[in-house]
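All residue numbers in this chain count up from 1 along the given sequence. We use all heavy atoms of the structure for the numbers below, so side chains are in, but hydrogens, waters and symmetry mates are not. For clarity, every value in this text was computed on a predicted model and none was experimentally measured.
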Amino acid sequence: MIIHFRPFELRSFKLRTACFSSLLLCAGPTNAAEAQETDPPVQSTENGPSDPAPREEKIEAQEIIGDDTFQAALPELVADDPELLEALEPIDAFERRFDALTSEPVEPTVSDAEASDPAANAPPPAAPLEPQFIDPALAAPLPPLEDFEALPLDFAPPSAAPVSPSVALTYSWSLRGLADADLLTGTDMYHQFEELSALENGDGEAANIAMLVARVNDDMALLNRLLKSEGWYRPLVKNAVEAGEPGDKVAAKVAIEVERGPRFTLSQIVIDAQPTVPKGLIEDTITLKVGDPIIASRILINEALIATRLPQNGYPFAAIGARDIALDAGTAGGEYTLPVTVGPRAKFGGFQVSGDAVFDPEHLGDIARFERGELYDSRWLDDLRRALAATTLLRSFSVEPKETGEDAGEGTEYVTIAVDQTAGPARTLAGSVGYGAGQGFRLEGSWAHRNLFPPEGALTASLIAGTLEQGGSLSFRRANAGQRDRTFEVNASALRSNFDAFEAVTGRVGATYSYVSTPIWQKRITYAFGVEALASVEDAFDVEAGAFADQTYFIGAAFAQVGFDTSDDLLNPTRGLRLEALVQPEGSLDGGFTPYVRTILDATAYNRVGDKIVLAGRARLGTLQGADGVDIAPSRRLYAGGGGSVRGFGFQELGPRVQAANPDFDPTDPESEEPQFTLEPIGGRSVIEASAEARYRFGDYGVVAFVDAGQVYRDTVPTFEDIRFGVGVGGRIYTAFGPLRVDVATPINRRAGESRINVYVSIGQAF
């Protein structure tokens, strides 16, 4: 963005080297007849020259007459009028007569008879002066000569015949006189001129000479503005154009030459403001110094710094006045004066709500990060505005400080935070769809009323319809529960799962209290803790029978999770580190009480290489301690494989397997291709995973190459044996709500029963 900082845009522009009187243009008579009517010649009488006809002091415009009225007032022309047939007088005779009319009037000779009869000698009465329109621009004073910018287009003497104005032409252009200008050659300012140049953007072609002239004039004016924005207030920009041979396409060379003149600097800086607490708050904020060039962007930046710093330090009503920069053409200096209204120093008071209020003052106090009595800081109001927007419950709102005059001690007063609200729609319909090898298609939809139990008490109902999962859930969620960004949630769900690793029908109720990141606020430290109770009927493998059989489990669990996040984005990180730890003690009732503890550690890291490549890595370690594998419900064991785990393998496919009878095998069908037995994963008590990705992004699209590795073990500690690898590539479409992901992978050293190609589709990066 270019900031134009012209002299006439300043509050004051004074050239102290010269003074110029204002020149006025006045409307005069438009023809000879009007000249006689408005200023008749002076004739001698006995009593001396007669007074001219009085002029009206005020001239008003008449109403414009219509065409019909004008035509009716025209005299009728007679075809045989002898005067129309007379020959025109010679031009030299006309000029002599015109010179006689415009020369000094000659005193007429007065006869004795005329002298004895004053009435005969008196001039005819002057006709009343008709009102006429005067353009206000003609009566306006001319601008000072120092401010006048003439932009002539000078053509060099042509080497051929003149070019027709309607002939298209090609041209080249050059900019001269800037080779010694450090601020222009090869800098942002020079690049800005190239980006905005009409000659450059014309691609060397013009429809006619008028178009070329307009582009040259535009670029000359642009150079003037750019130079003045950097402190050269008296530049001289000239041009020359050489035309080539005429024809269908005429070549022209345009040269623009710049003479910068003196660069104006700050000769004095005056900040007209009341004292502040702490002392020197304004003076310590600005970075301008006497002797600095008068650069528009620096002036504006420093004024913005003052306007920002004061409200951040207890002055909510501070205001910046109109600047005044008096330029001295003799010394090339400028006296910069900035008035600043500081206003009262304040502390936060209470809240005042108005409009269609969704949140009362008490809940606003829960959302705000400030309390009554703290020194006013505008950053906390900005934070409150973002928090209100994040609730998605308001169509529009405003948050502004309001004076109360109530003394708050220490030379301060309380300010009320006035929050005007307009409620928005509270109901939401949402849906998502995905596909993963071993998971099949999964379609999930939900309905939510986000403020059914004010304030911010949401009720959500959701359904899952998938090829391998079906179920539903109902949850109550209170956002900003008693404190900012804390969430309390109670939910109940029923889910049927039919995976290769297990089949289960599970009912669950749970409660969670959390402090987690959101798309608007990505937090460095997050945590969550809660409890849950499950009743599940699962198809578990019976070692003694060598087959799967239904078993019922009643499970109670508590959990605590903590996270540390330094990444730069929640959904699409490009740099930083994430660490997360989960500890979940739980117990299972299956003929007896079996307690155990689940512990999972996750770590991811991101590093940007250049502008388009991001290298990402992930590692995961998990263990179940305190129980044998057969005593743990299949749905609560540890698994690996799938789109969010080790790509190249089906969902939960890695780890220990058992041979089981294939229910699809028909022993009476000799042509059946189904095997009699299959190897089914049963999960384990420890897991290890690792992934590495190289992400290349171009615009809104990207490609990914990745390698994943992992394995699940029966023991509680990983042995790092038989680690399996999967490799693949993926595509990304980047959207406002995160990247759409499609990954295709294959296992290395593929084994019997493993698919050659596995496809994963979802929203968000794999990690």
Side-chain angles (χ1 to χ4, degrees), residues 3 5 9-14 265-327 333-352 354 361 364-365 368-388 397-420:
I3 302 175
F5 198 58
E9 292 176 332
L10 306 178
R11 178 62 57 179
S12 174
F13 180 79
K14 305 174 184 177
T265 59
L266 292 170
S267 60
Q268 187 177 4
I269 301 174
V270 178
I271 306 298
D272 184 9
Q274 299 88 355
T276 60
V277 178
K279 185 179 180 181
L281 182 61
I282 299 177
E283 291 77 3
D284 295 341
T285 300
I286 63 175
T287 60
L288 297 173
K289 300 185 298 295
V290 172
D292 287 347
I294 304 178
I295 300 176
S297 59
R298 294 182 185 176
I299 297 289
L300 296 176
I301 287 172
N302 276 268
E303 293 177 2
L305 287 174
I306 296 173
T308 302
R309 184 76 181 277
L310 286 172
Q312 291 178 353
N313 288 269
Y315 294 95
F317 308 107
I320 305 298
R323 78 182 72 87
D324 184 276
I325 301 181
L327 301 178
E335 298 178 0
Y336 172 44
T337 302
L338 181 68
V340 178
T341 301
V342 174
R345 194 164 183 251
K347 293 182 179 180
F348 286 113
F351 288 92
Q352 174 184 310
S354 60
L364 290 173
R369 297 187 190 273
F370 55 84
E371 297 181 356
R372 177 180 173 87
E374 294 182 1
L375 187 66
Y376 179 89
D377 189 333
S378 60
R379 288 170 290 191
W380 294 130
L381 258 64
D382 294 336
D383 177 77
L384 177 59
R385 294 185 183 101
R386 290 192 295 268
L388 292 176
F397 63 89
S398 64
V399 180
E400 300 296 337
K402 184 177 180 181
E403 289 189 71
T404 65
E406 180 184 357
D407 182 66
E410 301 177 342
T412 64
E413 65 178 52
Y414 286 111
V415 293
T416 293
I417 306 304
V419 181
D420 184 76

Could you tell me if the side chain of [Y] sits less than 4.5 Å from the side chain of [X], heavy atoms only?
{"X": "Ile269", "Y": "Asp292", "value": "no"}
{"X": "Gln312", "Y": "Asp377", "value": "yes"}
{"X": "Arg345", "Y": "Leu375", "value": "yes"}
{"X": "Leu381", "Y": "Phe370", "value": "yes"}

- Task: Answer with yes or no whether the side chains of Ser398 and Asp420 bring together a donor and an acceptor at under 3.5 Å.
- Result: no
- Across all chains, not counting sequence neighbours, the side chain to side chain contact (heavy atoms under 4.5 Å, CB included) partners of Thr276 are Leu281, Ile282, Leu310, Tyr315, Val342
- Query: With sequence neighbours excluded, what pairs up with Glu303 under the salt bridge (charged side-chain N to carboxylate O under 4.0 Å, His left out) test?
  - Reply: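 Arg323.
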- By salt bridge (charged side-chain N to carboxylate O under 4.0 Å, His left out) - contacts of Asp382 (at least two apart):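 Once residues adjacent in sequence are excluded, the partners of Asp382 under the salt bridge (charged side-chain N to carboxylate O under 4.0 Å, His left out) criterion are Arg385.
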- Task: Give the minimum heavy-atom separation between Val399 and Leu388, together with the two atoms involved.
- Result: CG2-CD1, 3.9 Å
- Provide the closest heavy-atom pair for Pro316 versus Pro344 in the form atom of the first, atom of the second, distance.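 For Pro316 versus Pro344, the nearest heavy atoms are CD-O, 3.8 Å.
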Is there a donor-acceptor contact under 3.5 Å from the side chain of [X] to the main chain of [Y]?
{"X": "Thr412", "Y": "Gly409", "value": "yes"}
{"X": "Thr404", "Y": "Tyr414", "value": "yes"}
{"X": "Asp383", "Y": "Arg379", "value": "no"}

- Task: Mind checking the NZ-CZ spacing from Lys402 to Phe351? Nearest 0.5 Å is all I need.
- Result: 14.5 Å
- Message: Once you measure the plane-to-plane angle for Phe348 and Tyr376, does it fall in the parallel (<30°), tilted (30-60°) or perpendicular (>60°) bin?
- Response: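 Taking Tyr376 first and then Phe348, their aromatic rings sit tilted (interplane angle of 30° to 60°).
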- Task: With Tyr336 as reference, evaluate Val270, Asp324, Leu288 under the side-chain contact (heavy atoms from CB on, under 4.5 Å) test and give the passing residue.
- Result: Leu288
